Amino acid sequence: MSPMKLCVPVHAGERLCSTEDCIPGNGTYLRHGSIFASLAGYVLRKNEGEELPVISVVRETEAQLLPDVGAIVTCKVTSINPRFAKVHILYVGSTPLKDRFRGTIRREDVRATEKDKVETYKSFRPGDIVLAKVISLGDVQSNYLLTTAENELGVVVAHSEAGAQMVPISWCEMQCPRTHAKEFRKVARVQPEYLQA
């Protein structure tokens with residue numbers, strides 16, 4: 001996919017290209033052999049198995065947001081092993097993602113101190129919701145590398161084996177309000193801007 005280009009239609013719409021170059025998609029219309037934008041937004045060109053790419057225009061709010069280095073992301077842990085936790089990235093900041101992006105939190109990126117003593121299963125469990133920071137970009141084949149090595153980052157929502165949402169009791173433990181059982185987690189000290197009702 002080519003980079004997005006801002007497209008602002010003029011009176012009758014901005015001419016995007018000829019029908020010889022592209023196939024018209026959403027947010028476009030055809031007139032006299034040319035494709036025009038029918039709304040203001042971003043131009044997307046996608047090859048969808050056709051001979052010609054499909055050109056469409058999406059509004060700014062519909063344009064795909066991508067996790068970027070330094071971005072705070074909200075993710076759900078899908079699996080863990082002794083070396084890392086695998087996650088699905090759900091939000092960048094407070095914006096939900098349309099597409100699913102995978103991330104990895106390596107054992108050495110869980111916390112800032114005593115990295116060699118980190119045990120992944122004492123930090124995360126599958127199903128946990130985690131705040132993390134992007135430290136390296138992924139691509140289609142690989143995952144984004146994430147870190148929770150700041151006080152504000154780590155597990156924000158976890159459920160106990162009894163199914164209850166656990167309450168943080170320290171930076172490394174959460175407790176089930178039903179059974180009072182304690183479980184180890186790398187707990188985030190959540191900042192007010194990340195709290196939502």
Side-chain angles (χ1 to χ4, degrees), residues 1-80 84-106 109 124 126-148 152-153 156-157 188 190-191 193-197:
M1 186 163 42
S2 63
M4 292 186 207
K5 160 188 145 189
L6 186 59
C7 172
V8 182
V10 289
H11 179 64
E14 183 179 334
R15 182 183 181 278
L16 302 174
C17 63
S18 163
T19 53
E20 296 172 5
D21 301 324
C22 293
I23 298 169
N26 293 337
T28 66
Y29 64 92
L30 201 57
R31 182 172 286 156
H32 306 300
S34 291
I35 300 170
F36 293 83
S38 63
L39 52 92
Y42 291 95
V43 176
L44 297 175
R45 291 176 191 257
K46 283 188 191 171
N47 286 324
E48 297 178 349
E50 309 286 334
E51 289 179 21
L52 295 173
V54 175
I55 190 164
S56 55
V57 178
V58 296
R59 297 185 196 281
E60 186 173 0
T61 56
E62 297 168 350
Q64 177 61 62
L65 182 67
L66 298 172
D68 202 4
V69 172
I72 302 296
V73 294
T74 305
C75 9
K76 184 174 188 174
V77 177
T78 56
S79 66
I80 58 169
F84 53 80
K86 293 268 188 200
V87 300
H88 282 148
I89 300 173
L90 307 172
Y91 289 80
V92 174
S94 60
T95 306
L97 295 175
K98 290 181 187 170
D99 296 327
R100 185 174 276 184
F101 293 96
R102 293 185 312 238
T104 301
I105 304 171
R106 299 177 302 188
D109 297 322
F124 311 109
D128 288 357
I129 303 297
V130 174
L131 274 180
K133 184 186 280 186
V134 178
I135 54 174
S136 130
L137 298 180
D139 57 31
V140 177
Q141 286 81 31
S142 71
N143 298 329
Y144 284 85
L145 280 182
L146 309 173
T147 181
T148 56
E152 294 76 25
L153 305 175
V156 289
V157 177
V190 180
Q191 298 300 300
E193 66 262 27
Y194 295 110
L195 290 175
Q196 292 181 346

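Keep in mind the model is a prediction, meaning the values are calculated, not measured.
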Main chain of [Y], side chain of [X]: is a donor-acceptor contact present, judged purely on distance under 3.5 Å?
| X | Y | result |
| --- | --- | --- |
| Thr28 | Phe36 | no |
| Thr78 | Lys86 | yes |
| Thr147 | Asp109 | yes |
| Thr104 | Leu145 | no |

Give me the atom names and distance for the closest heavy-atom approach of [X] to [Y].
| X | Y | answer |
| --- | --- | --- |
| Val54 | Gly25 | CG1-CA, 3.8 Å |
| Thr148 | Ala132 | CG2-CB, 4.0 Å |
| Phe124 | Ala85 | CD1-CB, 3.9 Å |
| Ala188 | Glu152 | CB-O, 3.5 Å |
| Thr19 | Ile35 | CG2-CG1, 4.0 Å |
| Leu97 | Phe101 | CD1-CD1, 3.6 Å |

Side chain to side chain, Ile129 and Thr74, heavy atoms closer than 4.5 Å:
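Ile129 vs Thr74: side chains touch.
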Determine whether Ile80 and Pro126 make a side-chain contact, defined as any pair of heavy atoms from C-beta on separated by less than 4.5 Å.
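Yes, at least one pair of side-chain atoms sits under 4.5 Å.
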Is it true that atom CG of Asn26 has more than 12 heavy atoms of other residues, nucleotides or ligands lying nearer than 6.0 Å?
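It does not: Asn26 CG has 12 such atoms or fewer within range.
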Can you tell me how far [atom2] of [Y] sits from [atom1] of [X], rounded to the nearest 0.5 angstrom?
| X | Y | atom1 | atom2 | value |
| --- | --- | --- | --- | --- |
| Glu20 | Ser34 | CD | OG | 9.0 Å |
| Lys76 | Ile89 | NZ | CD1 | 15.0 Å |
| Cys17 | Ile55 | SG | CD1 | 4.0 Å |
| Ile23 | Ser56 | CD1 | OG | 11.5 Å |
| Leu131 | Cys75 | CG | SG | 7.5 Å |

Checking side chain to side chain contact (heavy atoms under 4.5 Å, CB included) against Tyr144, which of Val87, Val69, Ile135, Val134 comes through?
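When side chain to side chain contact (heavy atoms under 4.5 Å, CB included) is applied between Tyr144 and each of Val87, Val69, Ile135, Val134, only Val134 qualifies.
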